[in-house]
Structures are given as structure tokens and as C-alpha cells.
Amino acid sequence: MKRPDPDPLGYDVDESAVRFSNYFHVLRELVHLGCGWLALEPRLEVKYALGDHLHDDARTVTKVKRRLYELRTPSDYPGAPADELASLLDRATGATSASDYLGIAYGNLKPRLIAALRMHLAGLDPVVDEPSLRLLTQMLHRQERHVAELPAQSSEAVDGEDLGALPVRLREVRALRVMAPLVDPARDPYVEITSEGDPFLGRSLYVNGEENHVPIDPEEQRHFFHGLMDAELCAAELMARNSHEHPDMPWDFHVDMARQCWDEIRHAEVHDRLMAHELDCRWGDYPVGFAYFRSIYAYDLLGRLALFNGTSEQKAMWRHSHRRKVLIELGQERIARVFDYLLADEVPHVHNGKRWGTHLLGGDEAAYRSKLRELREGLDAAGVPIPTSPP
Ligand SMILES: [Fe+2]
Ligand SMILES: [Fe+2]
């Protein structure tokens, strides 16, 4: 930690606010771009870490906005970054591949942010500005964890550079660029992708009611959890793209999407571990397909929220509860517990559909319910949009 000429008084309120404004820009852009690239990163372990980190960064933006408000600065948008920071952010925006983006985010932006946070901590007055001290300590810890978990192949030297001290252009706005629409999510090369996915997985696994079949023998559980793991990754990727493709939505929307993205990533990790420890199979043992992902991604944001969160996840709650009950009766407690946690996480995911679907309809809950009814009419018994229905 170094600040060549420490000021015993620390930063004044305006200097402190400018610093937090610069952190806001770096973190907001990391969330925006991380959400854009998540689906295009093929490596499972990297996808896991990225989903976790973008959720951390989204929550941190919320805290930084709060601190800006406390420091008498417009917290919704604290002015645009100066040329020097804007050109750093432009480099990240101009990334041409997921690995190119990760190199810039983890080899340049995050190390620069860490350097600025350290300087800020070293220079502030820990008593008069204790709220900043607490927040900066947490931010520094998180960013250090991120660069340790996803080390860049080459890090650029940031010694002595302080992006926190760069000026902010009040009343100007930096536009966020949205990437080209996604074609398909990326998977590790050892995962086979086919148009029909795993042919072992029958429709009876995904319908609600009496016809539902709970996978109980080891062979069908292997296929089922493998398919479910891919569905979780697709769900994380869909939420991330929802955020990335709609930068003008309120900030809380992005936090909700980032949280759900992380939840779905964690669900994939749970199934990954369950397959390895309980079922003697591995990710990549069976083919996966993107037909369902494509059918939902083809809709606009309202359609995605109504069909995926408001319908698919809502119906999955019944199946998770049913699967749990059947497996407990069979003495398969460990697998039953997984469904109990999936069920718990599904509640806020369904709520995300209602909350933001209603927002898109001007706050009219009845309009959201009628949109749900209309879109559900175009689904088959397993909740898949019938291909002839318009997207
Ligand atoms: Fe999930
Ligand atoms: Fe979910």
C-alpha cells in the first residue's frame, strides 16, 4: 500500500466521491461485459468463476451507488469517466473473444481497480471516513479473490497508476455497447452437442402431475442430472444475456439477474459434484442440446421472463418437490436434499419474472398475468414452446 505523500486529513468528500464514481464505472462495465461473455466462455471452471464474480461486482455497484448518495453525488449516474478510463473500458468493450475479454478484465481492469482501492485505503482518514474504509476493505478483498481465482495469462504493470484520481465528467453519459445476439452457448470441446440433446431423456421426466416420472435408478439418474446440469448452465447464460442485452433497465434488475445467474451456476456445480461423488459419471459423458435454450432466447425480454421464470421455473417447483418426496421415501436422502435447495432457490427466480415482467408492462400486474396466459397457450405439456408458435 503506498501513497507517496499521505495527507493526514485524508480525502475530502468530493475527492472521495470522484474515486467511488470511477470504481462505479469499472464495476458496472465488468458486470455488463461479463454477462455478455459468460455464455461464450467454453471452459466450465472459468464459467463458474465468472458467474460468481459478476454477481459480486453487481452487489458492489449497489453499495458504491449508496456511498455516492451519502457523499452528495448523483448515485444513479455519477457523470461519465474521463478519456483515460474510457479508453481502458473501450478496450474491454472491444474484446473479440471470451479469453480476450478475460485477459483485459483480469489482467488490466481488476488489477488497476485493486491498485486504486489500496491507494484509497492508505490515504483515507479511518475515523472521519469509516464508512468508506469498511466498503473499500470489502471491495479490495473481493477483487483480490477474483484475480486469484481467474489469474490472467499476462498482467499489465499498474504500479503508481491511480484510476480513482481521474476526473469525472458530470452531466455526461457513457453508453454501454451491446454485443451481437448469441447463436449458441459455448461448452468445453469434450462435451458433445447434438440437435436433440441426450436421447435417453424422455418427456415424462419434465411433465407435471401423475404422468411425471422421477428418476430413481442409477443409470437414469446419471442421464437426468447430466441434462439438468446443462439446463442450469443454460439458465445462468440466459439470465446473464438478459442483463447484458438490456443495459437501460433499472440497476436492481441487473442485480437480480446476476444473483440468479450465480444461483444457476451453483446449481450446475451441485450437480457436477453429485455426479462425481454419488453417481459415478462426469460432465461430458452424454450429449447436450440447445433446442430449449434457443426457443426461449428467441423471445424479447418480457417473453423470456414470462416463459422461463414465470412458467418453466414455476412448474419446476412442483417437480422438485415431487422428486424430493419420492426420493426420501426410497431412502435417497442426499439426492432428495439437492431438490430441496433447488426448490428454495426457485422462489426468487419465479419472482424475478413477475417483478420485471410487471415493470416492463408499466407496473400492471394484471397485464403480466394475461401475458403469462397468452404465452402459456403456445407451450406443449413439457413446457416447451411449440415450434410453429411465433417467438
Ligand atoms: Fe437452477
Ligand atoms: Fe432457477
Side-chain angles (χ1 to χ4, degrees), residues 35 38-39 44 47-52 54-55 58 185 187 197-198 201 205-206 208 212 214-215 221 223-244 252-275 278-279 283 288-290 292-293 295-297 299 301-324 327 334-357 372 375-376 379 382-385:
C35 280
L38 179 88
L44 183 64
K47 212 185 276 280
Y48 283 166
L50 195 53
D52 175 5
L54 65 87
H55 173 241
R187 297 286 177 264
D198 184 353
L201 299 170
L205 293 164
Y206 306 106
N208 286 20
N212 180 268
V214 177
Q221 284 183 346
H223 286 270
F224 177 79
F225 278 102
H226 191 276
L228 193 52
M229 181 173 158
D230 189 60
E232 305 285 7
L233 293 176
C234 285
E237 292 162 336
L238 184 67
M239 294 310 120
R241 289 301 297 212
N242 283 350
S243 171
H244 176 79
D252 268 3
F253 167 77
H254 299 289
V255 180
D256 283 347
M257 292 297 105
R259 172 57 198 237
Q260 186 172 343
C261 173
W262 181 53
D263 284 347
E264 309 294 7
I265 285 284
R266 288 186 304 100
H267 295 169
E269 291 187 78
V270 167
H271 305 325
D272 195 1
R273 192 185 59 173
L274 188 78
M275 291 194 298
E278 299 281 321
L279 300 170
W283 176 236
V288 299
F290 297 129
Y292 180 70
F293 177 89
S295 71
I296 299 292
Y297 184 73
Y299 283 83
L301 181 59
L302 178 59
R304 292 181 196 175
L305 290 166
L307 280 174
F308 190 80
N309 302 66
T311 304
S312 171
E313 301 215 278
Q314 197 252 352
K315 287 180 185 292
M317 287 172 66
W318 179 89
R319 294 196 299 278
H320 290 337
S321 168
H322 178 60
R323 288 161 181 157
R324 175 174 172 265
L327 291 168
R334 194 177 285 273
I335 298 179
R337 181 166 302 172
V338 167
F339 286 116
D340 203 17
Y341 271 95
L342 296 187
L343 177 59
D345 283 346
E346 230 56 278
V347 177
H349 298 178
V350 176
H351 184 70
N352 284 343
K354 182 178 171 209
R355 180 182 185 191
W356 297 110
L372 269 182
L375 288 170
R376 284 177 184 180
L379 301 179
V384 178

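Counting starts at 1 for both ligands and their atoms, in listed order.
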### Task
Check whether any side-chain heavy atom of His244 lies under 4.5 Å from a side-chain heavy atom of Leu38, and answer yes or no.
no
- N/O/S atom of Asp345 inside 2.8 Å of the Fe ion (ligand 2), strictly under: no
Query raised in the report: Salt-bridged, Arg187 to Glu237, with N to O below 4.0 Å?
Result: yes
The N/O/S atom of Glu232 lying closest to the Fe ion (ligand 1) is OE1
TODO: May I ask you to check if any N/O/S atom from Asp263 comes under 2.8 Å of the Fe ion (ligand 2)?
DONE: no
Note to self: Assess whether a salt bridge exists between Arg266 and Asp263, defined as any Lys/Arg side-chain N lying under 4.0 Å from an Asp/Glu carboxylate O.
What the structure shows: yes
Using a distance threshold of 2.8 Å, state whether an N, O or S atom of Glu264 lies below it from the Fe ion (ligand 1).
yes
### Query
Going through the checks in order, is the side-chain hydrogen bond (donor to acceptor under 3.5 Å, both in side chains) test met by His226 and Asp198?
CA-CA 9 Å; His226 191 276; Asp198 184 353; 5.5 Å; no
Margin query: When you compare the side chains of Asn309 and Gln260, does any donor N or O come within less than 3.5 Å of an acceptor on the partner?
Written below: yes
Is it the case that over 12 heavy atoms from other parts of the model lie below 6.0 angstrom from the CZ atom of Arg337? no
**OP:** Please state whether the separation between the Fe ion (ligand 2) and some N/O/S atom of His267 is under 2.8 Å?
**Re:** no
Atom name of the N, O or S atom of Glu346 nearest to the Fe ion (ligand 2) is OE1
The OE2(Glu313)-the Fe ion (ligand 2)-ND1(His349) angle, to 10°, is 120°
